[in-house]
2 protein chains.
Amino acid sequence: MRPLFHPGKDDIRAEDILHALADPVRASIFTQIASASCAQICAAFSSVNNKPIPKSSLSQHFRVLREAGLIRSERQGVEMHNTSRFEEVEARFPGLLPAILVAYSSRKDAPAKAARGRRAGGR
Amino acid sequence: MRPLFHPGKDDIRAEDILHALADPVRASIFTQIASASCAQICAAFSSVNNKPIPKSSLSQHFRVLREAGLIRSERQGVEMHNTSRFEEVEARFPGLLPAILVAYSSRKDAPAKAARGRRAGGR
DNA sequence: TCAATAGTTCGCAATTCCTGAACTACCGAA
DNA sequence: TTCGGTAGTTCAGGAATTGCGAACTATTGA
C-alpha cells in the first residue's frame, strides 16, 4: 500500500480545495470529520441518506480531501483516523473554508430536484 | 440556438459555484468579467498565457459560469455581453465569492509545477 | 495461524471535459 | 435581398475523470 500523500501547508491550492468541496458528499464528509473514521462516516451516510456509499467510493473521496490538504489521515490500529486541517487551510486562505461551509449549511433548496429541468434537452 | 439558461437567484447552488470556480481558467474569466465579451477574454488569454483557448472551449466555460449563476450573458448585436452576478451570489452566499477570489489572487505558488510529484504513479 | 475488520487499489463502465468542425445569429455593404 | 464577415453555439469524437464491485493489504485478537 503506497504511503498516503499529504500536501505541505504551502502547497495547498485553491483550485484543489474548491474541487474537493464542489462535491456535496465530500463537503458533507468534511463537515462531519471531527475525528471520525471512514466506517463511521460510511454508517452515517447509510442511515441519513438511505443511499449507502460503497467503501471504495468513500475511500476515493477521502483521498481527494486528503490530497487537497483538507484532512490528515493516519492509521490508528486497524482503522484510519481522519482529522481536519482546517487551521492550516485557514492560515493559507483566510475565510475560504468558513464561507464555503456557511454556503452549504444555508442550502434550503429543495433536495435534489433531479437537475431541476435545467440544461433543457441538454447533451 | 437554444435560449441561454440562467438560474434564478434562489436556485443558485453552492456546489455549482464551487465547481465553476474550481477551474482556474474559469476563475480567471470571472475576475476579468467587468463586462467583457467572449472575444476580448479570448484575446486576453492568447496574449497573457501564450496558450490560446479555443473558442468552443471558451463558450463552454461561459456556459458553466452562466448556469452556475455567476454571470449573465446577453446578446448585444453581433457579440455577447457578459456581466457578473456578483451581488446576487453575494446576497445568497455572503462572503463566498470574496473568499474564493482572495484565495486565487493570493496564489504565489510556483506556476504549474507539473503535478508536483503528487499522486506518485497515481491512477 | 486463522478469521475478522478497515480501508486501499484495480479494472472497467459511465460520465464529464476538451476541442476542431460545422452551424446559427447578427450586421453592414452592395 | 443577397453576400461576407464576425461572434458565438452546438455537435461529435476522443481524452480524462469518476463511480463502484471485486480483489487485495494491513492490523488486531483469538
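Chain A is the first sequence line, chain B the second, and so forth, proteins listed ahead of strands; every chain is numbered from 1. We use all heavy atoms of the structure for the numbers below, so side chains are in, but hydrogens, waters and symmetry mates are not.
- Proximity of Ser57(A) to the phosphate of dC20(D): a side-chain N or O atom is located under 4.0 Å from OP1 or OP2.
- At the phosphate of dG8(D), neither OP1 nor OP2 sits under 4.0 Å from any side-chain N or O atom of Ser59(B).
- For the pair Leu4(B) and His19(A), nearest-nucleotide mapping onto DNA chain D gives the more 5' position to Leu4(B).
- For the pair Met80(B) CE and dT24(C) P, the computed distance is 17 Å after rounding to whole Å.
- OP1 or OP2 of dC20(D) has not a single side-chain nitrogen or oxygen of Ser56(A) nearer than 4.0 Å.
- Panel note: side chain Tyr104(B), backbone Thr31(B); no donor-acceptor pair is recorded below 3.5 Å.
- With dC26(C), dG20(C), dT27(D) as the candidates, the nucleotide lying closest to the side chain of Pro54(B) is dG20(C).
- Out of dC26(C), dT9(D), dG7(C), the shortest distance to the side chain of Val78(B) is found at dC26(C).
- Residue Arg66(B) places none of its side-chain N or O atoms closer than 4.0 Å to OP1 or OP2 of dG8(D).
- Put simply, CZ on Arg63(A) is 10 Å from C1' on dT8(C), counting in whole angstrom units.
- Atom NZ of Lys55(A) and atom C1' of dA26(D) are 12 Å apart (whole Å).
- Atom CD in Glu74(A) sits about 18 Å away from atom P in dA26(D), given to the nearest Å.
- Rounded to an integer number of Å, the gap from Arg26(A) CZ to dG19(D) C1' is 11 Å.
- Annotation: the span from Leu18(A) atom CG to Arg13(A) atom CZ amounts to 11.5 Å, rounded to 0.5 Å.
- Computed from coordinates, the Arg75(B) CZ to dT9(D) P distance equals 8 Å when rounded to whole Å.
- Taking only side-chain atoms of His61(A), from C-beta outward, the nucleotide of dG19(D), dA6(C), dC18(C) with the closest atom is dG19(D).
- Although no hydrogens or angles enter the test, the distance criterion places no donor-acceptor pair under 3.5 Å between the side chain of Arg66(A) and the main chain of Leu4(A).
- One atom, CZ of Phe5(A), and another, C1' of dG7(C), lie 20 Å apart when rounded to the nearest Å.
- To the nearest angstrom, P of dG8(D) lies 6 Å from CD of Glu79(B).
- Nearest heavy-atom pair, Gly95(A) versus Ala99(B), reported as atom, atom and distance to 0.1 Å: O-CB, 3.6 Å.
- Between the side chain of Arg75(A) and the backbone N or O of Gly77(A) there is at least one donor-acceptor pair closer than 3.5 Å.
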